[in-house]
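Numbers for residues simply follow the sequence, beginning at 1.
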Amino acid sequence: MSRKGNCLDNSAMESFFAMLKSELLYLKKFDSMEHFRSELIESLFYYNNARMKLKLKGMSPMEFQTHSFSAV
């Protein structure tokens, strides 16, 4: 977390939570807390392992990290 009034350090987390709320929380109705937890875990797995990003050369974040560590 950055100092008060300096938003540059928080921008990545704010972007992540905005995406999480817009794609998960606002679009679905949850029957119970357990249902919410299972959907959250599924959403986080997709976010880290399955979604493709152009900035990461068409790889998922996990693939990009694995690829960058193997190149070293």
Side-chain angles (χ1 to χ4, degrees):
M1 302 282 295
S2 66
R3 292 185 306 247
K4 185 176 181 179
N6 184 3
C7 64
L8 298 177
D9 293 339
N10 298 332
S11 62
M13 289 311 299
E14 287 179 8
S15 174
F16 168 75
F17 282 116
M19 182 278 315
L20 186 66
K21 286 192 275 186
S22 67
E23 292 184 6
L24 178 69
L25 193 60
Y26 299 146
L27 295 180
K28 297 184 179 183
K29 299 262 183 199
F30 302 104
D31 301 328
S32 65
M33 192 58 140
E34 206 49 49
H35 181 228
F36 172 72
R37 284 186 187 128
S38 65
E39 291 289 330
L40 178 63
I41 290 169
E42 185 178 316
S43 178
L44 291 174
F45 181 82
Y46 170 77
Y47 187 83
N48 288 321
N49 296 306
R51 73 183 169 101
M52 303 300 177
K53 294 287 290 179
L54 290 176
K55 289 182 180 181
L56 301 179
K57 302 175 185 172
M59 293 186 263
S60 72
M62 192 60 78
E63 289 173 334
F64 185 78
Q65 184 179 11
T66 305
H67 178 6
S68 65
F69 282 143
S70 66
V72 172

Can you sort out the partners of [X] under side chain to side chain contact (heavy atoms under 4.5 Å, CB included), two or more places apart, ordered by chain and number?
{"X": "Arg51", "value": "Tyr46, Tyr47, Lys53, Pro61"}
{"X": "Glu63", "value": "Met52, Met59, Ser60"}
{"X": "Asn49", "value": "Phe45, Met62"}

Under 3.5 Å, sequence neighbours excluded: what are the donor-acceptor pairs made by side chains of residues 20-31?
residue	atom	partner	partner atom	Å
Ser22	OG	Ala18	O	3.1
Ser22	OG	Met19	O	3.2
Lys28	NZ	Glu39	OE1	2.7

Leu44, Met33: one ILVMFWY side-chain cluster at the under-4.5 Å cut-off?
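Looking at the clustering, Met33 is in the same group as Leu44.
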Any donor-acceptor pair under 3.5 Å from Ser38 side chain to His35 backbone
yes
Enter the distance from His67:NE2 to Leu56:CG here, rounded to the nearest 0.5 Å.
11.0 Å
